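Just below is one structure, and these are the notes that go with it.
As the structure is a computational prediction, the values presented were derived from the model and not from experiment. Note on naming: letters A, B, ... go to the chains in the order of the sequence lines (proteins, then strands), and numbering restarts at 1 for each one. Basis for what follows: all heavy atoms, side chains included, without hydrogens, waters or symmetry-related copies.
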Protein chains: 2
Amino acid sequence: MAGVKDVARRAGVSVATVSRVLNDSARVTAETRARVLAAVAELGYRPNAVARSLRTDTTRTIGLVIGDILNPFFTELARAVEDEARGAGYSVVIGNADERADRQDHYVRTLLEQRVDGLLLCPTAEVTPLVRDVVRDGGPLAFLDRTLPGLDVPTVRADGTAAIGALVAHLAALGHRRIAFVSGPALLSTGRERTAAFTAALRACGLPARPEYVQAGDFQAASGRAGAARLLDLPEPPEAIFAGDNLMALGALDEIRARGLAIPGDVALASYDDVPWFTHLDPPITAIGQPVQELGRRAVRALLDRIDGRPVEPVVLDARLVVRRSCGEPAEQGSDETEGRLPR
Amino acid sequence: MAGVKDVARRAGVSVATVSRVLNDSARVTAETRARVLAAVAELGYRPNAVARSLRTDTTRTIGLVIGDILNPFFTELARAVEDEARGAGYSVVIGNADERADRQDHYVRTLLEQRVDGLLLCPTAEVTPLVRDVVRDGGPLAFLDRTLPGLDVPTVRADGTAAIGALVAHLAALGHRRIAFVSGPALLSTGRERTAAFTAALRACGLPARPEYVQAGDFQAASGRAGAARLLDLPEPPEAIFAGDNLMALGALDEIRARGLAIPGDVALASYDDVPWFTHLDPPITAIGQPVQELGRRAVRALLDRIDGRPVEPVVLDARLVVRRSCGEPAEQGSDETEGRLPR
DNA sequence: TTGTACGCGTTATCAG
DNA sequence: CTGATAACGCGTACAA
């Protein structure tokens, strides 16, 4: 494969000059520039980014480790991150942790060895030794969507506390008193936050917080189904089930359908995370939507700020309740802004 | 950041020895190996993959350029590719072409400059000059899902011809005679193949092929909605709409719902590509499912074969019809194997 | 078994 | 404005 040397020879100049026109770093005669460019085209020269990176100690690349590539929330997030990064001249390398700490670490390690300029991490566990080390060594890290307690790392996330409060109030207003939650893992900040917000919201509405009405899941569909099954098997099953993410809502839906139960007649259903198809179910699913695009954009900006040594402060955006009909007919229903919404 | 040199000094050995234990290439005393490993741990040494790649001319990395990261078909594909690659000791770098030829080329170029060992491409257009060059130069390329005419490149894909034939026969058996198709782009092999199979299937069933019943889309939801709108606005609207992929099916669904039409009473709906939530709609959507996991695995194996200089032949798997209820009640319905299926 | 020294393709420094 | 050359971090002949 042709290198700068070949190009130089063919253009009748030195390698230094070739490098200069390729990076338009210094002033070069229009004529020699043309000769070089011609040689580049003729030889089909492709710059070797590996060598370039070794020399410049920069890869123009950022890593993104997401929780689960099959989860639409994360793919939408990845999309937003990628768009913003591309705009800034960076490539994004995505690692799919599959909600496993070991796989997360695998990618963190690999990406660091690849010498990415920065790393966006949606942590899958409390904290692994590797992540602790990276933080200690001041690696170019930022957290996205999820936080890690006690670590001083720039974080971009959405807070669902208010929206969950609104959801529980909505359920209570519709007459539901036995409200259950299929939670995410307690190891994740998002899992904990949503559970805490849920119990606080119950209290605020004067509803009892029954421990058996909080079932632990792992953000995967199967656990949503299992959690719903346990809830529906209770001597006194809940009147409403709130799933901690869209995958678990899908699982809960599976279980509810399998039992031939009606929504919201027999049991109401709501979900954290909003996805396009929620709108098409009968009834459409009430959900809490996160500002995913904005999350992605802000995360990239925060990371680039950190890379460039600019000061960066945490970003917390708000999630919001989208009322549809899966929890019962509201007395007075606002227009559903996402009705008929199309992805992209 | 610590390098081999630092490790060597700390362990009291030469850099060569360090390199040897890191790659367990040659015989090293157990004792020195231990000393080196200790030094590595103490210094928190992280091998520089960039330098290593420059030296070895191999990155243990493959590129994957997909059509659209928001399309569940592609994310599932990416997942399968990643799993298989990881098993073989390779990392996967994903590029999202967003169904645009320019963006596809951007990633092909970038990945090539990054010196990936191989490149899996789901081509977004007939053929771009860049792709032509890469093929001509014998770049380590394989096509996935989509094929490019007249190019001698290993290809792994699914064929839907038989399944589409079965679908049209199914529709005809249910009494539908005016059957329409929202096609993918004619520039894509998958778009062309499905359209050809559709018209052939009509003919096989003795149904007329009306040109106005084939509306061109681009595999994105918005075009599915627009295509459905044009069809439903026809003086003689179709009794059944078959969408060329799951995103366009979502769009068509949007349009049908917006018009207050009943499925399948007013219009039947079917989709190419099967997704988990199809099962939960009322009625559940009849679809054609591809063996996505297998596609991903075979693609990686084919690419690695090519990289290692082993002979590789094209792989064509079969898609299959999954009958649900969105086209009407079949006289005799087989069990739906994917009912209640959970992702992962 | 271990050490020395060269080179991978590029950019950046320093002369000219 | 252009050219010669050192250096980036690592792997590997070759020598010891």
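- Among the heavy atoms of the strands lying under 4.0 Å from A:T32 are primed sugar atoms or P, OP1, OP2 only; no base atom is included.
- Both B:V13 and B:R115 sit near DNA chain C, but only B:V13 has its closest nucleotide nearer the 5' end.
- Between B:Y45 and D:dG9 there is no side-chain polar atom (N or O) within less than 4.0 angstrom of OP1 or OP2.
- Under 4.0 angstrom from either OP1 or OP2 of D:dG11 there lies at least one side-chain N or O belonging to B:N23.
- Of the options B:V4, B:L22, B:V21, a side-chain contact (heavy atoms from CB on, under 4.5 Å) to B:V40 is made by B:L22 and by none of the others.
- At a threshold of 4.0 angstrom between heavy atoms, the contacts of A:S25 with the nucleic acid are absent.
- With no hydrogens or angles considered, a side-chain donor-acceptor pair links A:N23 and A:R52 at under 3.5 Å.
- Considering only side-chain atoms of B:S14, the nucleotide from C:dT4, D:dG3, D:dC1 that sits closest is C:dT4.
- Distance A:R9 CZ to C:dT10 P: 13 Å, rounded to the nearest Å.
- Summarising the geometry, the separation between CG on A:N48 and P on C:dC8 is reported as 12 Å, rounded to the nearest angstrom.
- Using a distance-only test at 3.5 Å, with no hydrogens or angles considered, no donor-acceptor pair links the side chain of B:R306 to the main chain of B:A142.
- Regarding A:E31, its CD atom lies at a distance of 13 Å from the C1' atom of D:dT2, rounded to whole Å.
- For the pair A:A2 and A:R20, both in contact range of DNA chain C, the more 5′-proximal nearest nucleotide belongs to A:A2.
- Note: CG (A:L54) to P (C:dC8) measures 13 Å, nearest angstrom.
- If you check every strand for non-hydrogen atoms under 4.0 Å, B:V50 touches nothing.
- As judged by a 4.0 angstrom heavy-atom cut-off over every strand, A:T56 is placed among residues touching the sugar-phosphate backbone only.
- Regarding contacts with the backbone of D:dC10, every side-chain N or O of B:S19 stays at 4.0 angstrom or more from both OP1 and OP2.
- Side-chain to base pairing of A:R55 with C:dA12: no donor and acceptor N or O lie closer than 3.5 Å to each other.
- Atom NZ of A:K5 is separated from atom P of C:dC8 by 6 Å (rounded to the nearest Å).
- Using a 3.5 Å distance cut-off with no hydrogens or angles, the side chains of A:T124 and A:Q104 do pair a donor with an acceptor.
- Using a 4.0 Å heavy-atom cutoff across all strands shown, B:D57 reaches no nucleic acid atom at all.
- Nearest nucleotide to the A:A51 side chain, out of C:dT10, C:dA5, C:dT2: C:dT10.
- Here the P atom of nucleotide D:dG9 and the CZ atom of A:R52 are 18 Å apart, to the nearest Å.
- The separation between A:R35 atom CZ and D:dT2 atom P is 8 Å, rounded to whole Å.
- Atom-to-atom distance recorded for A:R79:CZ and A:E84:CD is 12.5 Å, nearest 0.5 angstrom.
- In this entry the distance linking CG of A:D6 with C1' of C:dT10 reads 13 Å, nearest Å.
- A sub-4.0 Å separation between OP1 or OP2 of C:dT2 and a side-chain N or O of B:T29 is present.
- We find that B:D98 and B:R103 are joined by a salt bridge, their nearest charged nitrogen and carboxylate oxygen being less than 4.0 Å apart.
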